[in-house]
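Have a look at the structure below, then the notes.
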Amino acid sequence: MRETREFLRSLGLPGEDLADLPTSTKRFPDGAQYRVEIPSVEGPEALEAVYAEADKRGVVVHRVSQGSGGMLLTRGELAAMAGFARERSVEVSLFARPVAGWDTGAASVASGGGVFAAQVRGTEQLVHALEDIRRTADAGIRSVLVADLGVLTVAERMRAAGQLPEDFAFKVSVQMGLANPASIRLAEQAGATTYNVPTDLSLAQLAAIRAAVDLPLDLYVEAPDDLGGFVRHFEIAEIVRVAAPVYLKFGLRNAPNIYPSGTHLTSTAVALSRERVRRAEIGLELLARYAPDAVGSALPAEGLAVPVA
């Protein structure tokens, strides 16, 4: 294996997972090591609930993400979320939909077809996903969540051509599934602004990825059940040390999947959002206990894709 390991190193990639867990010297533009993200914030009511709970608990939430897509929000709801986030100087990232799991094909629901579910199926669905991104951008939102490499590549070229705002951000979803330094570097080269790594990567694997890429990593420190259900709060201090700059993403175990969401699920979405902030308070307390010198971003923070008017 020596030759293969040496060839990887010649490409600027680690030749092995970094079991010595080197401390990352990379940072967010403001010099911080970590930021906080609350996922599955499925509409204006859930967004307001996140920040009401964050204010009550003294938790700084830098970014929220949403899974149902801009396509399932009205123009008024998009405007409300953009306006609220703009006043708070925080980022809102909406999933670029639709994807194969919402299409009329059956492969994504087959026993071995889960890998297809978050991918975009055919040219028409590619057009639809890119149109969803355009509509989201027109509403003032400046960040989308992308799970398909083709969507990412084309959307980045649209941004370069001036068809999307130059400050538009592409947050790559955990559902893209890339899990090693070489593949995540490809996502970075394709235009990813941040990359959500799989939920179960070890510290050594995270360290190897960090050595290969500069973009911020997103990591579920508590993962939803359908993404493994891991609760990694006692690892947060080491995650921040080896993976910085990193978004600590507080999902929620033992909670229903509410995608696609809507007004029939508003009360559930609000309750889940509030509990995710509570989980963030617990995680940040443990971070302060075990790594009191770890630096988080204050708001407003350079590099956040804050909505515009």
Side-chain angles (χ1 to χ4, degrees), residues 4-18 22 24-29 33-35 37 63 65 91 93-96 99-100 115-116 118-121 123 125-127 129-130 132-134 136-137 142-199 201 204-220 239 242-247 249 302-305:
T4 298
R5 296 186 190 280
E6 287 302 322
F7 189 77
L8 286 172
R9 294 186 185 105
S10 76
L11 299 176
L13 296 167
E16 61 281 308
D17 291 326
L18 303 183
S24 172
T25 59
K26 299 174 183 178
R27 298 291 185 267
F28 284 104
Q33 294 168 280
Y34 71 91
R35 292 176 178 174
E37 176 183 339
R63 177 169 74 183
S65 54
E91 181 174 332
S93 189
L94 306 182
F95 209 107
V99 293
V115 67
F116 306 130
Q119 302 308 302
V120 165
R121 185 171 178 264
T123 303
Q125 195 166 74
L126 175 62
V127 171
L130 294 169
D132 195 34
I133 293 173
R134 285 185 187 272
T136 295
R142 286 296 176 263
S143 177
V144 289
L145 194 57
V146 178
D148 181 276
L149 189 58
V151 171
L152 172 63
T153 302
V154 176
E156 192 281 329
R157 293 185 181 181
M158 290 170 66
R159 181 177 62 183
Q163 295 200 23
L164 288 173
E166 62 180 0
D167 59 348
F168 208 74
F170 302 115
K171 168 180 158 52
V172 175
S173 167
V174 67
Q175 294 181 73
M176 187 173 282
L178 308 181
N180 65 73
S183 60
I184 293 172
R185 179 185 281 182
L186 285 176
E188 182 177 42
Q189 293 169 345
T193 307
T194 72
Y195 189 88
N196 197 150
V197 297
T199 60
L201 293 186
Q205 291 166 332
L206 290 171
I209 291 168
R210 172 46 69 215
V213 300
D214 295 327
L215 82 174
L217 300 177
D218 314 337
L219 177 66
Y220 276 101
I239 288 168
V242 305
V246 60
Y247 279 91
K249 191 168 178 177
E302 184 181 355
L304 287 177

| field | Any Leu178 side-chain heavy atom under 4.5 Å of Tyr195 side chain | value | yes
| task | Sequence neighbours left out, what passes salt bridge (Lys or Arg N to Asp or Glu O under 4.0 Å) with Asp148? Give chain and number order. | result | none
| field | 4.5 Å side-chain heavy-atom contact, Ile184 and Val197 | value | yes
| Backbone of Ala100 reached by a side-chain donor or acceptor of Arg121 within 3.5 Å | no
| Do Asn196 and Val172 come within less than 4.5 Å of each other through their side chains, counting heavy atoms only? | no
| task | Using the test side-chain contact (heavy atoms from CB on, under 4.5 Å), find all partners of Thr199 that sit at least two apart in sequence or belong to another chain. | result | Val174, Tyr220, Ala223, Leu227, Phe230
| In Å and rounded to the nearest 0.5 Å, what is the CD1 to CG distance from Ile209 to Leu13? | 11.0 Å
| Side-chain (Gln33) to main-chain (Arg27) donor-acceptor, under 3.5 angstrom | no
| message | Checking Glu91 now: which residues fulfil side chain to side chain donor-acceptor pair (under 3.5 Å) with it, not counting sequence neighbours? | response | Ser143
| said: Restricting to side chain to side chain donor-acceptor pair (under 3.5 Å), what partner residues turn up for Glu166, sequence neighbours left out? | reply: none
| Sub-4.5 Å side-chain heavy-atom contact between Arg210 and Val246 | no
Which donor-acceptor pairs under 3.5 Å do side chains of residues 149-157 form with protein atoms, sequence neighbours excluded?
{"unit_1": "Thr153", "atom_1": "OG1", "unit_2": "Leu149", "atom_2": "O", "d": "2.9"}

| With Leu186, which residues qualify under side-chain contact (heavy atoms from CB on, under 4.5 Å), at least two apart? | Gln189
| task | Using side-chain contact (heavy atoms from CB on, under 4.5 Å) as the criterion, list what pairs up with Pro14, not counting sequence neighbours. | result | Leu18, Pro181, Ala208, Ala211, Ala212
| Tell me, do Arg134 and Gln163 make a side-chain contact under 4.5 Å, heavy atoms counted? | yes
| task | Check whether the ring centres of Tyr247 and Phe28 lie less than 6.0 Å apart, and answer yes or no. | result | yes
| query | Taking only residues two or more places apart in sequence or in another chain, which ones pass ring pair (Phe, Tyr, Trp, His ring centres under 6.0 Å) with Tyr34? | reply | none
| query | Who pairs with Ser65 by side chain to side chain donor-acceptor pair (under 3.5 Å), at least two apart in sequence or on another chain? | reply | Glu37
| Pro29 and Arg35: which non-hydrogen atoms are nearest, and at how many Å? | CD-NH2, 4.3 Å
| request: List in chain and number order the residues that pass salt bridge (Lys or Arg N to Asp or Glu O under 4.0 Å) with Arg5, two or more places apart in sequence or in another chain; answer none if no residue qualifies. | output: none
| said: List the residues meeting side chain to side chain donor-acceptor pair (under 3.5 Å) with Ser173, not counting sequence neighbours, and say none if there are none. | reply: none
| Residues Arg185, Glu188: salt bridge by 4.0 Å N-O rule | no
| field | For Gln125 against Gln119, the heavy-atom pair lying closest together | value | OE1-O, 3.9 Å
| task | Taking side-chain contact (heavy atoms from CB on, under 4.5 Å) as the test, write out the residues that go with Pro165, two or more places apart. | result | Ala137, Arg142, Asp167, Phe168
| message | Tell me the closest heavy-atom pair linking Lys171 and Asp218, and the distance in Å. | response | NZ-OD2, 2.9 Å
| Does the Lys26 side chain pair with the main chain of Val213, one donor and one acceptor, at a distance under 3.5 Å? | yes
